[in-house]
Amino acid sequence: MLFPIVASVLYLFILAYLSLMAYRSTKTAGDYMLAGRQIHPMVMALSYGATFISTSAIVGFGGNAGLFGMSLLWLTFLNIFVGVFIAFLLFGKRTRKMGHNLDAHTFPELLGVRFQSKFIQGFSAAVVFLFMPFYAAAVLKGGVGFLATQFNIDFNVTLFFFTMIIALYVAMGGMKGVMYTDAFQGSIMFGGMLFLLIFVYAKLGGVTNAHLALTNLMNESAIQEQTAKLTANGFAGWTSMPTFNSPYWWAVVTSVVMGVGIGVLAQPQLVVRFMTVKSNRELNRAVASGGVFILMMTGVAFVVGALSNVLFFQTDGKTAMAAAGGVIDNIIPLFLKNYLPGWFNTIFMLTLMSAAMSTLSSQYHVVGTSIGRDLFEKSLGIKANSLLVTRLGVVVSILVSAFFAYIGNQMKTDIGLIAQATSIFFGICAAAFLPAYVGALYLKKLSRKAAITSILTGTIASFIWIFFIHAKNAATIGLCQLVFGKPHLLAETGLAKLAQVDAVIIAVPLSILALVIAAATTRPDVSESHIAKCFDGV
Amino acid sequence: MVLGIPDFWIWSVYLLCVLSAAACVIYGVANWNRGLDKEPEVSEEASWEEEEKKVEENL
């Protein structure tokens, strides 16, 4: 017990030191929100990766891989190709330059100033403030749940101390504190996941043997019995895609792969990182380490999640899902506890703590700046101490997400709450912001009205689909049951199959369509001189 | 059957993940010194008020 405590204290001491360094060099608004636009490319890449990858990816989606198998690797491919390559080169470079030209400090501010619309800035900030706590709660639940299991401490006590520590260093050091600690935490995450990959493959006799053992599991009669219900939903083994057009196929392809894979492009806490470097050279360099980092995170989590079935079967004769009592979010913690050496559990505890804290700090920072700067100061024009309001925004977002995590812990559902809440937020961001964001960066003549129409359409369509139509989400949230007396609006109708389709598949095309129609029917309403300023050097 | 995986859609994405990460490394290294602005752009003394004023002008 001494090693985990010493390691944790040392870890927190390093975090405190980095935060103090950042606090001392945070003097201006630009420092607090954008780290003075002078961040080193390696720090930027690690910070982007550590923010992108949270306990949600490792515990939540890793657990999903325990159920769905290696089909989740399509999300890893999108994470690398879309989340790093496309994001840095096609979005990052223009975002950085336009952000500099307009002196924008946040993602809502970039959109608002680009279209000269206080409404866009305020509304985008409100969307972030309202929906980000769902995602933050998912990350919290993953981190706190693992810590509570490790130290045998009550979930709620762990939740309290965990959130206090993050609140302290976000409020103190601003973006510099967040990014310096991200880089430190990203390094721990990389080491922890690399060891996990090597350990599991070595234990199962190498790469090919491990995959073969996983493939052959489906020939075992005990496994066939345990997966009979899953097979009826389209499950075809852990090294095969689910059957086309089955409920599992829709869940994997639309909710997990498309929802998160595309949604990453319009994540406010990731977009803002493009504005923290001083030139495109830093973004080019960050691509090199970013791709490998993401492969090591989600690639390893999904492969290990799937392979956990082999080890669970060898020792207990059960699938990972059965061993975890049917709770997806418990698969990875249980696997680590049962099959990895005790000392590695401490290392992995720090890996998960890093994954949770690096993402949460950015989530709280972005909610704080959305409230303090975008909503109160810029959109509503309330002249107050914006740094104080920002810090208050951080505190409010922490309280709300901690409350959601507390509620989430009370819900004994058989679905992966962590992955579900994450894909909801990523999907909403994709539908609300992505078409307008692409327009802001690439379409000089796009009107303000078209951008507003797209943002409103995407947000409203997402909200209706998530809360009232998507079977799994609507049933979990329970608002539809409360209002209409049934789990989702398509229940017991001929269109029930449609309720398996994730909101991102419906809302993103609607948002794009709204943008195209509004752009075709409205005249450019942003002044040419402003456009010239926006695109200067872009 | 590639790497012990029978399904084309799974082994191909397994390899795609590794290749796309490698492509990121190659791109990053090949463009290591490209992309520096001609006039790299923030004054340490830039006050809150100055920054506020700039954004107000843009809105």
Side-chain angles (χ1 to χ4, degrees), chain A residues 27-30 36-38 69-71 73-74 76-77 80-81 84-85 89 93 100 102-105 109 112-113 116 118 121 207-215 236-237 239-241 278-292 294-295 299 303 378 386-387 530 533 537, chain B:
Chain A
K27 294 168 185 164
T28 68
R37 301 187 199 266
Q38 299 288 318
M70 292 166 81
S71 55
L73 283 174
W74 281 102
T76 299
F77 171 62
I80 298 169
F81 184 67
V84 174
F85 206 77
L89 303 181
K93 291 182 176 182
H100 281 205
L102 300 174
D103 199 31
H105 291 67
E109 185 164 74
V113 176
Q116 295 183 305
K118 289 188 176 185
Q121 185 168 352
V207 175
T208 302
N209 284 338
H211 296 164
L212 267 176
L214 186 61
T215 301
T239 53
S240 296
M241 284 295 285
K278 65 179 178 182
S279 77
N280 286 348
R281 187 183 67 174
E282 278 67 31
L283 289 174
N284 283 336
R285 291 180 177 185
V287 166
S289 41
V292 177
I294 299 296
L295 177 70
V303 166
K378 298 298 171 193
S386 70
L387 191 57
H530 180 71
K533 184 180 178 183
Chain B
M1 179 84 81
V2 174
L3 291 171
I5 301 169
D7 188 336
F8 164 80
W9 292 103
I10 304 296
W11 65 253
S12 62
V13 76
Y14 188 95
L15 295 175
L16 261 179
C17 289
V18 176
L19 290 173
S20 55
C24 285
V25 173
I26 292 165
Y27 178 89
V29 172
N31 293 281
W32 194 255
N33 285 318
R34 288 181 194 164
L36 200 58
D37 286 358
K38 284 169 188 165
E39 294 170 22
E41 291 129 313
V42 173
S43 160
E44 280 294 318
E45 281 73 40
S47 69
W48 285 77
E49 287 72 21
E50 283 170 4
E51 293 187 20
E52 303 304 295
K53 206 174 160 189
K54 264 187 186 177
V55 176
E56 283 300 331
E57 283 168 6
N58 288 329
L59 270 173

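Letters A, B, ... mirror the listed sequences (proteins, then strands); counts begin at 1.
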Which atoms form the tightest heavy-atom contact between B:Cys17 and A:Phe77, and what is the distance?
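Taking every non-hydrogen atom into account, SG-N, 3.6 Å.
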If every non-hydrogen atom of B:Ile10 is compared with every non-hydrogen atom of A:Ser71, which pair is closest and at what distance?
CD1-CA, 3.5 Å
Check: A:His211 side chain, B:Ile5 main-chain N or O, donor-acceptor pair, under 3.5 Å:
no
Counting N and O atoms only, with roles assigned by atom type, does the side chain of A:Trp74 sit under 3.5 Å from a partner on the main chain of B:Trp9, one being a donor and the other an acceptor?
yes
Does any part of the side chain of B:Tyr14, heavy atoms only, come nearer than 4.5 Å to the side chain of A:Val303, both counted from C-beta?
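Touching, per the 4.5 Å side-chain cut-off.
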Do B:Pro6 and A:Thr239 make a side-chain contact, defined as non-hydrogen atoms from C-beta onward lying under 4.5 Å apart?
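B:Pro6 vs A:Thr239: side chains touch.
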Please report the closest heavy-atom contact between A:Ile80 and B:Ala21, naming both atoms and the distance.
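So the two residues come closest at CG2-N, 3.9 Å.
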So for A:Thr215, is it side chain, backbone, both, or neither that comes closer than 4.5 Å to the heavy atoms of chain B?
side chain
At what distance, to the nearest 0.5 angstrom, does CG of B:Leu19 lie from CZ of A:Phe81?
12.5 Å
With a 4.5 angstrom heavy-atom cut-off, is it the side chain or the backbone of A:Leu73 that approaches chain B, or both, or neither?
both
Exercise: identify the closest heavy-atom pair between A:Ala288 and B:Gly28
CB-CA, 3.8 Å
Under 4.5 Å from any heavy atom of chain B, what part of A:Leu214 do you find: side chain, backbone, both or neither?
neither
